Engineer: 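The following block contains the structure, expressed as structure tokens.
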Amino acid sequence: MDNSEALLQGKSRDNSSDYHKLSGILNYEIKNNEIRLNFKHASLAIRFLTADIFRVIMAHSDQKINYKSTEAVIEHNLTYDDFIFNEKDSELIIKTDNLVLKLKKENFLLEVFNKQGKLIHKDHNEYALGWKKQKVRAWKSFEQSQRFYGLGEKTGWLDKKGRIYEMWNHDTFLPHVSDTDPLYQSIPFLIAFNPKNSYGIYFDNSYKSFFDLGSEGQDYFSFWAEGGELDYYFINGPSLKEVVSKYSQITGTMPLPPKWSLGYHQSRYSYYPQAEVEQLLKTFRDKEIPCDAFHFDIHYMDQYKIYTWDEDRFPDPEAMFSKMEENGVKAVTIIDPGVKKDPEYKLYQQGMENDYFCKYLDGKVFIDKVWPGNCAFPDFTQSKVRDWWAGLQKDYTDLGVKGIWNDMNEPAAFNKSDTMDVEVMHQNDGDSGTHRRFHNLYGFLENKATFEGLKESLDNERPFVLTRAGFAGIQRYSAVWTGDNRSFWDHIKLAMPMLMNMGLSGITFCGTDVGGFTGNSNGELLTRWTQMGAFVPFFRNHCEVRAVSQEPWSFGEKFEKIIKKYIELRYKFITHIYNLFYQASKTGIPLMRPLIMEFPADRQCQNLSDQFMVGDSVLVAPVYQPDKDKRMLYLPEGKWIDFWTKEVYQGEEHLIVDAPLEKMPIFIKAGSIIPLNDKLNYIGEKEIECLELNVFLNEENNLGSYELYDDDGLSYNYENGVYNITEFKYQYTDNQIIFNIDRKEKNYQQEFKDYKMIFNNLNKDPLNIYVDGNQLSEFNYSDNRLEFKVPVVINKITIELS
Ligand code: MIG
């Protein structure tokens, strides 16, 4: 490596001209859902999964086409052979119901057109696909007006254009700044956004890979990997939502998590001894600050040996957990993958006796330093190792632990490369390979084992797993947090586009350490961060071992009061948030969304990185600078209602709004319905007797609807149909509002007894209200807001207006 390459940290310009390119098509063959093309030194398979999704696999040199997918791809039975094939002089044409593919015969090149005949995707004229020794690479044309999203956990703006990104899971403790890359997760899924024709490319390759999105202003974007196959999926939208949703047909959606895990989590590195945890519990409950989970960081262990307890610090973890449980707080314990090399330690013995650890080809077990000192690393590519690991979960769940936090699973090691030697072997049940191939899958497979083990031992309860490292598809097993951020204002800002792109990359359940991990937080920073965190899917306050305390009360009463208010707000929104999680589990569409997902035609939203939507109707604009009492924000088309003041704003405008410390701007899209519930100290504290249905009216002649899913929030009984789906619908005309309630599914014994109906932005006097035909005598109307209560069993409300 010469100096300049070293400076580029391996992202050396990988000269396109050094690659072998595909020549002309020699011959081809069509079989079922696939067209196979043969070239002089390569072959290509194009397989159709649906009318919108096809997979391209290249084999070069002496290789055969390898259809084996990485573990990221779920077992699906998507196959589509309904295409029409045509051959012309210079090209082969394949027509699906939604796409037309043209394959140039002479200098191979793929073009994709939409139904209307518009070109939406094209290989680069000069390069298309190629290889260089072990490397495989694709080049694609792009127009400068195009935007790029996705790629998982990356720094920078919402639009990823103009940089090279590396996929190589890495423990990055140095401050995450705008061009820090890579971080802990690798999600090789790219979205090319165009207002009318968005598509995605999922590159199913677990080797170290790169995406160059025009880093030198070139007219192509490109992705390549240091080994393995060129194996990618083209996913047609055409909308951004459809791209994201269709991607989840390949890598899966997040399963419905336990509802408590959507509450507030309190963590630090580390809470100990036991008495401190008990004090923490008491403080939360005395102060009535809602909280659902405490996280136990590495100091709970005996010399950092996983699945052990330091008996001096924690004389009776079981009793501690049951006391926590009585007070509605669940325990989540950290686990690192490194197993201490200690001949007297049970796990090390088991691993050595059963050949569970990663080793070199010559049989030597790979040993490196992590927290416990010298450690061996389980080879999670082996099913027997995953079974062993899954079985270990019971040690903890028997004590009362409800969730596992998988850290250091890049895997991290205290050496120059920060990870395992790439020459170490993984056995992978007979299809072995080096760490080069399995590095990015290491954490993924560990999480799979953890999730399955917890599921088994928790007995019909849904597990909670949190991870730092992962690969595409990680959402099937685990929530993700963004690792070691800092108590910097910049890191509130950095988190927003990062989390939004993670959501677009399949990771619905993600969050960032609220308050900042490294460095000392302060009252104002923690307050602002908590405000944002309350609307981020995973909501946990966590900090480093040397950092000052940053529990909600740590910086005095002034801040505590506001922080408490926002944690409470999270719980007021929890029915809505849970509902959005349900939708995400069905469709793959995340709850934390960039505005562009909801307003794809609005150019202002294309790179809007410091505001986000929660679902399709709540717009959040966190304050991420100190000493601010105003914030500029953008409202897209439509009418918007200030959540706090109920003032109505016209959209397609930039506004400067008041945002004193106690206020984070929140706007609700007029026309929507939002359920809000009573204050809770924790999920399941009490039955929610009354659910508020907040209707935010738009002008007359407006329709609105909301579909509410609800179940016990904890068990798998919903898989047997034990859930409710209720649809609320209203129509607002010049002299009346009709509100309908349709209980579409009702197999779960609902906790709500009443709905409190709240109609905001109603500027006509209500004259009479009829509930299922009976006149209602009690209601309140003032300041354009109408309120009354009805029992949940009713079907129809009619409000006559003046
Ligand atoms: O090398 O377990 O990102 O959340 O507190 C540090 C101690 C190891 C890194 C995690 C952080 C956790 C810390 N861990």
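None of these values were measured; they are calculated from a predicted model. Order of listing sets the numbers, starting from 1, for every ligand and every atom in it. Position 1 is the first residue of the sequence; numbering continues from there.
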Engineer: May I ask you to decide if the ring planes of Phe538 and His295 are parallel, tilted or perpendicular, using 30° and 60° as cut-offs?
Structural biologist: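 Correct class here is tilted.
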Engineer: Using a strict cut-off of under 4.0 Å between a residue heavy atom and any atom of ligand 1, list the qualifying protein residues by chain and number.
Structural biologist: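 Shell around ligand 1 (4.0 Å, heavy atoms): Tyr269, Asp297, Ile298, Ile334, Trp371, Trp405, Asp407, Met408, Arg468, Trp481, Asp484, Phe517, His542.
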Engineer: Ring of Trp489, cation from Arg528 - is the NZ or CZ under 6.0 Å from the centre and inside 45° of the axis?
Structural biologist: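 No, Arg528 does not lie over the aromatic ring of Trp489.
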Engineer: So, does Asp421 use its side chain to make a donor-acceptor pair with the main chain of Glu423 at under 3.5 Å?
Structural biologist: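 Flag set: sc Asp421 to bb Glu423 pair under 3.5 Å.
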Engineer: Any side-chain donor-acceptor pair under 3.5 Å between Thr527 and Glu524?
Structural biologist: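 No, Glu524 and Thr527 have no side-chain donor paired with an acceptor closer than 3.5 Å.
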Engineer: Within 45° of the six-membered ring axis of Tyr272 and under 6.0 Å from that ring's centre, is NZ or CZ of Arg313 located there?
Structural biologist: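 Yes; both conditions hold, so Arg313 lies above the ring face of Tyr272.
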Engineer: Is the Phe377 ring parallel, tilted or perpendicular to the Phe366 ring (thresholds 30°, 60°)?
Structural biologist: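 Because their plane-to-plane angle lies in the 30° to 60° range, the rings of Phe377 and Phe366 count as tilted.
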